[in-house]
Amino acid sequence: MTNTIPFEANHSGAQACFTLSLPDTATHGSDRLAQDVQELLLSSVHTRFPSLGCEATTGISSYQGDGVCARTASDVEHGFFAIEVIDLRSRDRWDAFIVRLPDGTHRTGWTRHCAGEVTEPSEWLEAVAHFKLGEEVQPQIQPSFLSLVAVFCSDTQIAVASSDLPERQAMAAEIDDLKQITALQAMQLHAMRVRLANAPASVEQEQVKTVYTGYDQVGAWAAENADRIIILPRAISACKNAQYDNPELLFQALELLATTYREVRTSTLPREQLIQRATELGLSIGGSVDPARATEDYFFRWGRRRRFLDQHLGRGNSRDPRHCLRVYFTWDQDTQMVICGSMPIHLPNSMT
């Protein structure tokens with residue numbers, strides 16, 4: 001039974017506290033219970049709010065995302081973890097916790113204030129579902145997030161940390177601006193190369209076109225073609241450990257995006273020719289995944305905005321990275337170019 005408490009007009013609140021223990025099938029001791037609950041809670045919160053980026057960090061931390069903010073207090077080594085989440089869009093605030101008492105038993109619970117019907121937070125429920133939830137208890141002082149943090153700080157030497165989200169966002173925006181300037185400079189350099197190539201030259205001055213056949217050349221290919229396609233550094237980095245057994249096809253896929261796909265998007269070529277060329281290469285092309293099922297790997301920041309890799313090229317359905325190719329990308333209307341954000345492996349989603 002939960003205790004309803006006043007909040008403000010058109011709001012209601014409730015709270016509950018329970019004993020918590022390991023299931024009978026557990027293979028390890030209860031000393032890891034707080035750590036397990038922390039990992040499960042953070043994972044559930046990340047699935048619901050992928051922009052938050054909460055981490056399992058000892059101490060007190062704060063995070064901000066798209067319309068949501070959170071605070072955590074953690075010392076799982078001593079059996080303590082608490083989290084507070086505020087969804088500004090739905091006017092919902094809840095907190096959840098797990099604490100280990102001096103006798104070695106554990107308590108877990110939640111407090112919630114919202115505009116609608118008050119129920120236990122689904123993220124907390126998903127986390128404790130992996131354990132044995134015991135009888136409800138009535139503590140003398142309800143362990144809300146603030147009261148738990150007060151006790152936590154009084155009993156431990158704690159380092160306070162912050163996600164520094166505004167600073168990191170400003171830095172990311174500056175990096176994006178520099179990337180776009182670099183792309184423009186690369187475009188100018190490419191135009192100069194074209195003019196030089198068309199100018200009369202002796203045999204000794206003729207340039208030999210580079211043949212790209214290895215994953216260690218992806219960075220060089222991206223730099224040379226920066227006027228036609230944008231490849232994010234994280235995609236280039238991922239290729240360093242690539243296992244796909246046909247690297248030449250990756251370069252052909254990128255060339256398809258830099259030329260045919262771009263011409264289709266700028267209405268200079270019919271889509272039928274894109275499908276035909278992709279089929280000739282043995283590639284499928286289409287949407288990537290529903291954003292609701294996408295993990296954080298599908299998102300990136302570009303031009304001060306959060307972008308989604310909504311398209312992909314691929315071959316093969318095997319989960320073996322040696323036999324499955326995926327190139328995830330999106331179209332950028334401002335630069336009139338494809339932005340490639342991940343390759344060559346298959347990205348997971350909430351269903352995989």
Side-chain angles (χ1 to χ4, degrees), residues 7-8 11 13 37-76 80-98 110-116 118 120-127 143-150 152-153 158-179 232-234 291-310 330 339 341-342 349-350:
F7 183 51
E8 63 182 81
H11 278 73
V37 171
Q38 172 187 254
E39 293 175 356
L40 290 166
L41 254 174
L42 290 179
S43 176
S44 185
V45 169
H46 180 268
T47 300
R48 175 78 185 280
F49 306 106
S51 64
L52 267 180
C54 296
E55 298 178 348
T57 305
T58 299
I60 299 175
S61 302
S62 63
Y63 305 89
Q64 295 183 10
D66 296 336
V68 62
C69 56
R71 295 182 292 184
T72 63
S74 176
D75 187 8
V76 292
F80 172 80
F81 175 71
I83 183 170
E84 179 187 61
V85 177
I86 302 175
D87 189 342
L88 303 175
R89 292 165 295 192
S90 61
R91 300 168 64 194
D92 181 21
R93 174 171 64 83
W94 62 266
D95 57 58
F97 68 91
I98 178 172
W110 56 272
T111 301
R112 189 170 199 172
H113 300 276
C114 62
V118 183
E120 62 269 9
S122 59
E123 295 84 354
W124 171 84
L125 194 60
E126 291 174 3
S144 65
F145 180 82
L146 289 179
S147 62
L148 285 169
V149 169
F152 182 40
C153 292
I158 195 69
V160 179
S162 173
S163 63
D164 296 327
L165 186 64
E167 291 80 5
R168 290 191 289 110
Q169 287 182 334
M171 185 177 297
E174 183 178 352
I175 291 173
D176 287 342
D177 290 341
L178 291 173
K179 288 178 181 176
L232 299 184
R234 71 180 195 182
R293 292 171 45 197
T295 62
E296 195 62 22
D297 294 328
Y298 286 84
F299 296 90
F300 66 99
R301 297 202 70 85
W302 183 261
R304 294 186 174 87
R305 289 190 297 137
R306 192 165 185 259
R307 303 290 300 273
F308 175 56
L309 298 172
D310 59 333
T330 191
I339 301 179
S342 179
N349 57 64
S350 60

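Below, each value reflects all heavy atoms present in this structure, side chains not excepted, and no hydrogens, waters or symmetry copies.
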Seminar exercise, completed: Closest non-hydrogen atoms of Leu52 and Val45, given as atom of the first, atom of the second and distance, are CD1-CG1, 3.9 Å

For this session: Measure the spacing between CD of Glu84 and OG of Ser62 and express it to the nearest 0.5 Å.
Result: 11.0 Å

Exercise. Does the side chain of Ser74 pick up a donor-acceptor pair with the side chain of Gln38 at under 3.5 Å?
Worked result: yes

Exercise. Considering all heavy atoms of both residues, which atom of Trp124 and which atom of Ala96 are nearest to each other, and what is their separation?
Worked result: CD1-CB, 3.7 Å

Exercise. Which heavy-atom pair separates Gly67 from Asp87 by the least distance, and what is that distance?
Worked result: O-OD1, 3.5 Å

Exercise. What are the two closest heavy atoms between Ser51 and Glu296, and how far apart are they?
Worked result: N-OE1, 4.1 Å

Exercise. So how far is it from Phe308 CZ to Thr330 OG1, rounded to the nearest 0.5 Å?
Worked result: 8.5 Å

Seminar exercise, completed: One should read off an interatomic distance between Cys54 SG and Phe49 CZ, to the nearest 0.5 angstrom, of 10.0 Å

Problem set entry | Min side-chain heavy-atom separation Asp310-Tyr298 under 4.5 Å | no

Exercise. Do Leu232 and Trp302 come within less than 4.5 Å of each other through their side chains, counting heavy atoms only?
Worked result: yes

For this session: For Ala127 and Leu40, work out which heavy atoms get closest and say how close.
Result: O-CD1, 3.6 Å

Seminar exercise, completed: d(Arg71 CZ, Ile86 CD1) to nearest 0.5 Å is 6.0 Å

Exercise. Any donor and acceptor pair, going by atom type alone, linking the side chain of Arg234 with main-chain N or O of Gly341 inside 3.5 Å?
Worked result: yes

Problem set entry | Test item: Arg48 and Pro121 side chains (from C-beta on) under 4.5 Å apart, heavy atoms | no

For this session: Search all heavy atoms of Phe299 against all heavy atoms of Pro291 and return the closest pair with its distance.
Result: CZ-O, 4.4 Å

Problem set entry | Backbone N/O of Asp66 and side chain of Arg89: donor-acceptor pair under 3.5 Å | yes

Problem set entry | Distance (rounded to the nearest 0.5 Å) between Phe97 CZ and Thr72 OG1 | 16.0 Å

Exercise. Nearest 0.5 Å, what's the OG1-CH2 distance between Thr111 and Trp94?
Worked result: 11.0 Å

Problem set entry | Non-hydrogen side-chain atoms of Leu42 and Glu55 separated by less than 4.5 Å | no

For this session: May I have the step-by-step check of side chain to side chain contact (heavy atoms under 4.5 Å, CB included) for Leu309 and Ser342, ending in yes or no?
Result: CA-CA 8 Å; Leu309 298 172; Ser342 179; 4.2 Å; yes

